[in-house]
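Below: one structure, written as structure tokens.
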Protein chains: 2
Amino acid sequence: MTMPPAGKDGRYHHGDLRTALVDAAIDLIAERGLRGFSMAEASRRVGVSSAAPYRHFADRDALLAAVAVRGLQVFADMVATEGGDAGRPDDQLVAMARAYVRFAAGQRSLFDALFSAGLDKSRYQELREAWEPVDAMLAVVTEICAGDQAAAEALADAVEATAHGHATLLRDGDYGRGSGAVQIAADRAASATLALIAGRAALRPPR
Amino acid sequence: MTMPPAGKDGRYHHGDLRTALVDAAIDLIAERGLRGFSMAEASRRVGVSSAAPYRHFADRDALLAAVAVRGLQVFADMVATEGGDAGRPDDQLVAMARAYVRFAAGQRSLFDALFSAGLDKSRYQELREAWEPVDAMLAVVTEICAGDQAAAEALADAVEATAHGHATLLRDGDYGRGSGAVQIAADRAASATLALIAGRAALRPPR
DNA sequence: GTCTATATCCCGATAGAC
DNA sequence: GTCTATCGGGATATAGAC
């Protein structure tokens with residue numbers, strides 16, 4: 001859970017500094033926000049000099065990208081767990097929307113690193129690849145749309161945008177601050193998803 | 001459009017430093033992003049010392065909050081213009097969703113200050129008040145829902161979240177980078193809005 | 001009252017020693 | 001692989017010029 005122990009000489013010395021830095025960064029962002037994160041403070045917490053991280057990460061953004069990759073792994077786990085394979089396709093999609101909102105609330109550091117750090121996606125291939133498990137799960141939309149691929153993509157995009165919107169509005173405090181806010185945001189994302197499914201015929205208006 | 005001229009002695013001296021700083025901040029954020037913005041650089045561009053801004057703004061966040069307020073004024077103008085009072089209520093709501101996306105694309109500095117700066121809303125009353133014109137325009141939903149107030153609020157929330165989601169995904173580059181991306185995002189936000197209207201009966205699921 | 005000058009502290013990043 | 005040393009720059013706060 002926490003970081004590996006220091007070496008025999010009191011210094012950090014046994015190899016997994018990279019992972020230790022990612023862990024420290026997540027804690028740090030959780031405590032002080034993205035702006036409160038710094039390479040120097042993360043180094044201090046792990047017990048190495050402020051120059052040490054640069055052996056593992058090219059710069060600050062590269063460390064944040066590693067945090068974002070971790071975020072996508074956690075997110076995929078949450079979606080897989082909460083949106084269990086049981087249930088009809090509609091319910092699965094609704095559960096994914098709920099999981100999206102819950103992820104934003106329960107793993108703020110990861111969510112922020114993923115969506116608010118302004119990372120240049122074209123620079124981090126590993127980050128692009130980490131989306132694949134999530135995209136794979138979004139494939140339930142093809143069942144809902146009975147094989148119509150274009151309709152499925154339109155629905156997937158609409159649901160993703162809606163879930164993302166509710167998640168970010170929740171993070172910005174628009175639904176309040178407590179755990180009640182999470183419930184509200186998740187419920188609304190869920191019902192919006194149902195409405196999108198119900199009204200999906202309007203998703204591709206004839207030009 | 002740009003900032004006021006310097007005083008007779010080449011120094012900035014005639015009173016509207018506050019406005020000049022907001023203007024400079026907007027340009028700066030447009031060029032270098034939120035993280036690239038600093039009080040020091042904004043001061044430099046206006047031609048005052050780095051301590052001068054603190055006479056008008058308590059800290060960095062206070063200046064960003066002023067930028068955000070400006071953003072809401074511009075946003076309200078865009079919505080009022082693009083979503084003109086003509087047309088049926090449905091069309092007005094769709095036009096608002098489009099305007100939301102276009103605002104994010106065309107006024108990135110303002111959008112970022114408003115939604116990505118992590119400003120503590122409870123600290124800036126002026127910022128809360130600046131939402132009122134926008135909220136007022138969102139009232140078209142009551143017409144769509146034929147007076148059912150609870151249904152209207154649910155629809156307004158869903159549309160706002162969806163528009164916000166498309167806007168932020170666009171800003172993060174998920175639809176690509178050119179002006180084609182803006183078109184795509186605006187079209188999808190518009191059709192998602194239509195789908196939400198069509199499927200709005202599902203927005204408040206029986207508990 | 002508004003701005004300048006100045007001092008302190010922290011951050012990002014690099015170069016070279018071990 | 002990590003450390004020491006170091007450079008440039010930004011944020012905050014205070015004292016004082018006009």
Notebook entry, point to check: Parallel under 30°, tilted from 30 to 60°, perpendicular over 60°: which one fits the rings of A:Y100 and A:F115?
Noted result: parallel
Interatomic distance where [atom1] belongs to [X] and [atom2] belongs to [N] [whole Å]:
X	N	atom1	atom2	value
A:L21	D:dG1	CG	C1'	12 Å
A:F57	D:dG1	CZ	C1'	14 Å
A:R18	D:dT2	CZ	C1'	17 Å

Next item on the list: Would you check if there is a donor-acceptor pair between the side chains of A:S116 and A:R171 at a distance under 3.5 Å?
Entry: yes
Note to self: For the residue pair A:T162 / B:T162, report whether a side-chain donor-acceptor contact shorter than 3.5 Å exists.
What the structure shows: yes
Next item on the list: Mark up nucleotides 12-18 of chain C, 5' to 3', with B wherever a protein heavy atom is under 4.0 angstrom from a base atom, S wherever such an atom reaches only the sugar-phosphate, and - elsewhere.
Entry: SBB----
Item checked: NZ/NE/NH1/NH2 to OD/OE distance under 4.0 Å, B:E82 and B:R102 -> yes
Check: Is any side-chain N of the basic residue among A:R188 and B:E153 closer than 4.0 Å to the acidic one's carboxylate O?
Finding: no
Check: Should B:H56 be listed as having a side-chain N or O under 4.0 Å from OP1 or OP2 of C:dT2?
Finding: no
Item checked: N/O (side chain, A:R44) to phosphate O (OP1/OP2, C:dC11) under 4.0 Å -> yes
Check: Quick one: CG on A:L196 to CG on B:L194, what's the gap to the nearest 0.5 Å?
Finding: 11.0 Å
